[in-house]
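Accompanying notes for the structure given below.
It should be emphasised that the depicted structure is a prediction, and the values quoted were computed from it without experimental measurement. We name chains A, B, ... by the order of the sequence lines, and we start the count at 1 in each one.
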Number of protein chains: 4
Amino acid sequence: MSKKAIVLQTTLELITTQGINATSLSQIIKESGVANGTVYHHFKNKEEIITELYLMLTQDFGTVVMRNTDQGDYKKQFSTMWMNLFHYFVNNPLAFVFSEQIARSPEIPQSLKDRARKYFSEIELYFRNGIRDKVFKSYNTMVMEELFFGNVVSIVKIHENEKVTLQEKHLQQAIEISWRGFVKE
Amino acid sequence: MSKKAIVLQTTLELITTQGINATSLSQIIKESGVANGTVYHHFKNKEEIITELYLMLTQDFGTVVMRNTDQGDYKKQFSTMWMNLFHYFVNNPLAFVFSEQIARSPEIPQSLKDRARKYFSEIELYFRNGIRDKVFKSYNTMVMEELFFGNVVSIVKIHENEKVTLQEKHLQQAIEISWRGFVKE
Amino acid sequence: MSKKAIVLQTTLELITTQGINATSLSQIIKESGVANGTVYHHFKNKEEIITELYLMLTQDFGTVVMRNTDQGDYKKQFSTMWMNLFHYFVNNPLAFVFSEQIARSPEIPQSLKDRARKYFSEIELYFRNGIRDKVFKSYNTMVMEELFFGNVVSIVKIHENEKVTLQEKHLQQAIEISWRGFVKE
Amino acid sequence: MSKKAIVLQTTLELITTQGINATSLSQIIKESGVANGTVYHHFKNKEEIITELYLMLTQDFGTVVMRNTDQGDYKKQFSTMWMNLFHYFVNNPLAFVFSEQIARSPEIPQSLKDRARKYFSEIELYFRNGIRDKVFKSYNTMVMEELFFGNVVSIVKIHENEKVTLQEKHLQQAIEISWRGFVKE
DNA sequence: AATGAATGAGGCTTCATTCAT
DNA sequence: GATGAATGAAGCCTCATTCAT
């Protein structure tokens, strides 16, 4: 694992725990066991660490969601996408917290969020095609993505916080509800 | 205007513009034209400025909402409360931003939010009585307050952002929709 | 002696010994026995210390040179000015080094030098009047000032470096030579 | 052009623009597009870059000045030397600035200046012979060199700054004046 | 009530240099 | 010959806070 990767990972851990502002560079340096200058060899400044982390994770999301979605009808694909994201979040708690708390906070400037849109192009295409093929209502695609993410997030939260264990059928129900929100008819 | 009031006002302006974290004491001091020590004469530390500001504004909300609500039936009172809050927000943009962005953020600790509950006692009483008198559904009163605030906030946002000017009848509609959400049957 | 004065004095000592660039803030802090923040309470940044020092000393020069010059003819005044500066430099070795090494270096930006011109207004007036009254050749006054300063500086250097002690008559000779450079005929 | 030469050239450009102190190694590295380690492969440390640059340029001066001076009498040789240096400076503005601003500054230690004396041995010999042959007054040869350089520098400055274009006859005049300063009688 | 001098910990960043490849 | 990762000391500056007046 390269020093750069270590810094990114450490930063992810720290800011998901304490927030961006509460996380100082010296803390990142101390925690990652890397030298002062090493951080600045890889990143222009503190902000660039956050930026890179954000883009990295956002790209992850985009890629993960569309894995194995090249077959089946819209419904089947939707289900796959949903489960992809769900499992990703369940298996990567830090990415989940980051997506929930950091990615939406005002610390991430809008310009950066815009730059990251490209990683959602495939997802966007899926929804746009669905609208074109009269499968989905003609919502704004960005809104659809947000709703889709939001649904998964809600279930992940239940999965994490509730004492009751989620069963497979609960997930199927959640997917069903989510799907119904988009389809025509 | 006392020095203390100046500090509070300046702080309000700064944190609604930049957020709590981005606002330093030195900035408050510089902006308010008050001496260093004067701030510490009136406030124990930086946190106490925020605390006092929060309590002040929260008390404002509570008082404002219940103004002139001692007459009429529940519906009439509801309408008055709604309009009270609406006009307060429209006339105090900083209070609006504060209520929206700061008051809900994690920078305000839960303990402080709890302390501020007392200022909502009258509002809470209104809803509790309504439930007792079978006018309202028996929701949790905190939830009811949140919904009530949320409704007003939504309309204020429309008022602020939309190019279309809100007409009196639109407000009446909004109040009607809000009211329907609470009442039995 | 105020902390601010201590910082200025220490800075003067350090930069005349080592140059501006070789003098770090931490050194100034350590040497002056003042706290980090104290420096920044009095000065906006490192540059402002230099600026203030430069203006302070430059004002000194201007004032010192013109002391007791309100009587006598041009020649008598010239002699007084010359001796004033000579004694000032002899009694304030740091000011002398500063004037020689620092004040002319490119570390002092032209803009600052321009700002300091005002402190030489009396000296300039002396020369301008002399020209008007046909006592002096009509040189550029800035050039005249430079020459005047340069002459004194040369003698101070001899005074400092030579093994031979300067006698009163040597000074009178120097003044005489200096004076001849300016006068008509 | 070798990497080493690129580093030297870049350094020359940077320090003539900003001064030695203001020029950091990182800047040289960034600007020259050469790797970090490559610089240290060719130079022991930052100082050595300056040293090498200084010696290189100084050697240039020495060589250039004496080009085509093996024929003619002292006067003819003097004229050739003068024009050699003049054209070199005119065609190598960076070398000119370096010679003027850097080479004389205290950043170049005396020890280095002494080491570079050897490159002036031919020039020195010219003047020493001239003294021996009773052509020149018996000044100190180093002083003579300084004066010679200074004269050329002055004219180059006029050439660069003045709006009036220098004509051949002006150069001849300058050489004449310069020459007269040295010769006996 | 009000002031502003004084503090020192801690923040981010730049720097010259070393080392393994 | 060339590269770039890695280092840590040192630089400048901001911050919240305390204290004497």
Side-chain angles (χ1 to χ4, degrees), chain A residues 2-7 21-30 32-50, chain B residues 2-7 21-30 32-50, chain C residues 2-7 21-30 32-50, chain D residues 2-7 21-30 32-50:
Chain A
S2 76
K3 298 267 175 174
K4 179 170 180 179
I6 292 175
V7 169
N21 276 315
T23 303
S24 75
L25 249 186
S26 19
Q27 212 182 353
I28 294 175
I29 286 160
K30 209 170 292 165
S32 59
V34 150
N36 191 345
T38 303
V39 173
Y40 280 89
H41 177 68
H42 292 290
F43 306 94
K44 214 181 71 213
N45 52 30
K46 187 189 171 185
E47 196 186 343
E48 202 178 78
I49 307 180
I50 308 291
Chain B
S2 77
K3 298 273 173 176
K4 181 172 178 176
I6 291 175
V7 170
N21 275 317
T23 303
S24 73
L25 247 188
S26 7
Q27 212 183 353
I28 294 173
I29 286 160
K30 211 169 290 167
S32 61
V34 150
N36 192 349
T38 305
V39 173
Y40 279 89
H41 178 70
H42 291 289
F43 307 94
K44 212 181 73 210
N45 53 29
K46 186 190 170 184
E47 196 187 343
E48 202 179 77
I49 306 179
I50 307 291
Chain C
S2 76
K3 298 268 174 174
K4 181 172 177 176
I6 292 174
V7 169
N21 277 315
T23 303
S24 75
L25 249 184
S26 18
Q27 211 182 355
I28 294 174
I29 286 160
K30 211 169 290 167
S32 59
V34 149
N36 189 346
T38 303
V39 173
Y40 282 90
H41 178 67
H42 292 290
F43 307 93
K44 216 180 70 215
N45 51 32
K46 186 188 170 184
E47 195 186 343
E48 203 178 77
I49 307 179
I50 309 290
Chain D
S2 76
K3 297 274 172 173
K4 181 171 177 177
I6 292 175
V7 170
N21 276 318
T23 302
S24 72
L25 246 188
S26 8
Q27 214 183 350
I28 294 174
I29 286 160
K30 213 169 290 166
S32 61
V34 151
N36 193 349
T38 305
V39 174
Y40 279 90
H41 179 69
H42 291 289
F43 307 94
K44 213 182 73 210
N45 53 29
K46 186 189 169 183
E47 197 186 342
E48 203 179 75
I49 306 180
I50 309 290

(request) Would you name the heavy atoms of I6(D) and S32(D) that are closest together and state the gap between them? (result) CG2-O, 3.7 Å

(message) So which atom in F43(B) and which in K4(B) form the shortest heavy-atom distance, rounded to 0.1 Å?
(response) CZ-CG, 3.8 Å

(request) Find which nucleotide of DNA chain E each of E47(A) and T23(D) is nearest to by heavy atoms, and output the residue with the more 5' nucleotide. (result) E47(A)

(message) Applying the Watson-Crick and G-U wobble criteria at under 3.5 Å, what pairs with dT14(E)? Answer none if nothing qualifies.
(response) dA9(F)

(message) Let me spell it out: for each of K44(B) and G37(C), pick the nucleotide of DNA chain F with the closest heavy atom. Which residue's pick is nearer the 5' end?
(response) G37(C)

(message) Nearest to the L25(C) side chain among dT17(E), dA6(E), dC13(F), which nucleotide is it?
(response) dC13(F)

(request) Give the minimum heavy-atom separation between K44(C) and E48(C), together with the two atoms involved. (result) N-OE1, 2.9 Å

(request) Would you check if T23(D) and I28(D) make a side-chain contact, meaning some heavy-atom pair closer than 4.5 Å? (result) yes

(request) Please determine if a side-chain N or O atom of K3(D) lies less than 4.0 Å away from the OP1 or OP2 oxygen of dT3(F). (result) yes

(message) Does dG4(F) have OP1 or OP2 under 4.0 Å away from a side-chain N or O of H42(A)?
(response) no

(message) Nearest whole Å is fine: how far is dC13(F) C1' from I49(C) CD1?
(response) 12 Å

(request) Provide, to the nearest angstrom, the distance between the CD1 atom belonging to I29(A) and the P atom belonging to dT13(E). (result) 10 Å

(message) Looking only at the side chain of S24(D) (C-beta and beyond, no hydrogens), which of the listed nucleotides dC15(E), dT18(F), dC15(F) gets closest?
(response) dC15(E)

(request) Send over the distance from F43(B) CZ to dA1(E) P, rounded to a whole Å. (result) 11 Å

(request) Please report, rounded to the nearest Å, how far the C1' atom of dC15(E) is from the CG atom of N21(D). (result) 13 Å

(message) Rounding to an integer number of Å, can you tell me how far I28(B) CD1 sits from dT14(F) C1'?
(response) 14 Å

(message) I need the CD-P distance between Q27(D) and dT17(E), as an integer number of Å.
(response) 16 Å

(request) Indicate whether OP1 or OP2 belonging to dA2(E) is found under 4.0 Å from a side-chain N or O atom of H41(B). (result) no

(message) Whether K46(D) contacts dA16(E) is assessed here as follows: a side-chain N or O lying under 4.0 Å from the phosphate OP1 or OP2. Is that the case?
(response) yes

(request) Write down the atom of A35(A), the atom of I29(A), and the distance for their closest heavy-atom approach. (result) C-CG2, 4.5 Å

(message) It should be established whether Y40(A) places a side-chain nitrogen or oxygen under 4.0 Å from OP1 or OP2 of nucleotide dT14(E).
(response) no

(request) Find the partner of dA5(E): check Watson-Crick (N1-N3 plus N6-O4 or O6-N4) and G-U wobble (N1-O2, O6-N3) distances, both under 3.5 Å, and reply none if neither fits. (result) dT18(F)

(request) Would you name the heavy atoms of Y40(C) and L25(C) that are closest together and state the gap between them? (result) OH-CD1, 2.8 Å

(request) Give a yes/no answer on whether the side chain of S26(D) brings an N or O atom under 4.0 Å of OP1 or OP2 in dC15(E). (result) yes

(request) Could you tell me the separation between the NZ atom of K4(D) and the P atom of dG1(F), rounded to a whole number of Å? (result) 8 Å

(message) Distance check needed: dA16(E) P versus K30(D) NZ, whole Å only.
(response) 11 Å

(message) Reading DNA chain F from 5' onward, which residue's closest nucleotide shows up sooner: N36(A) or N36(C)?
(response) N36(A)

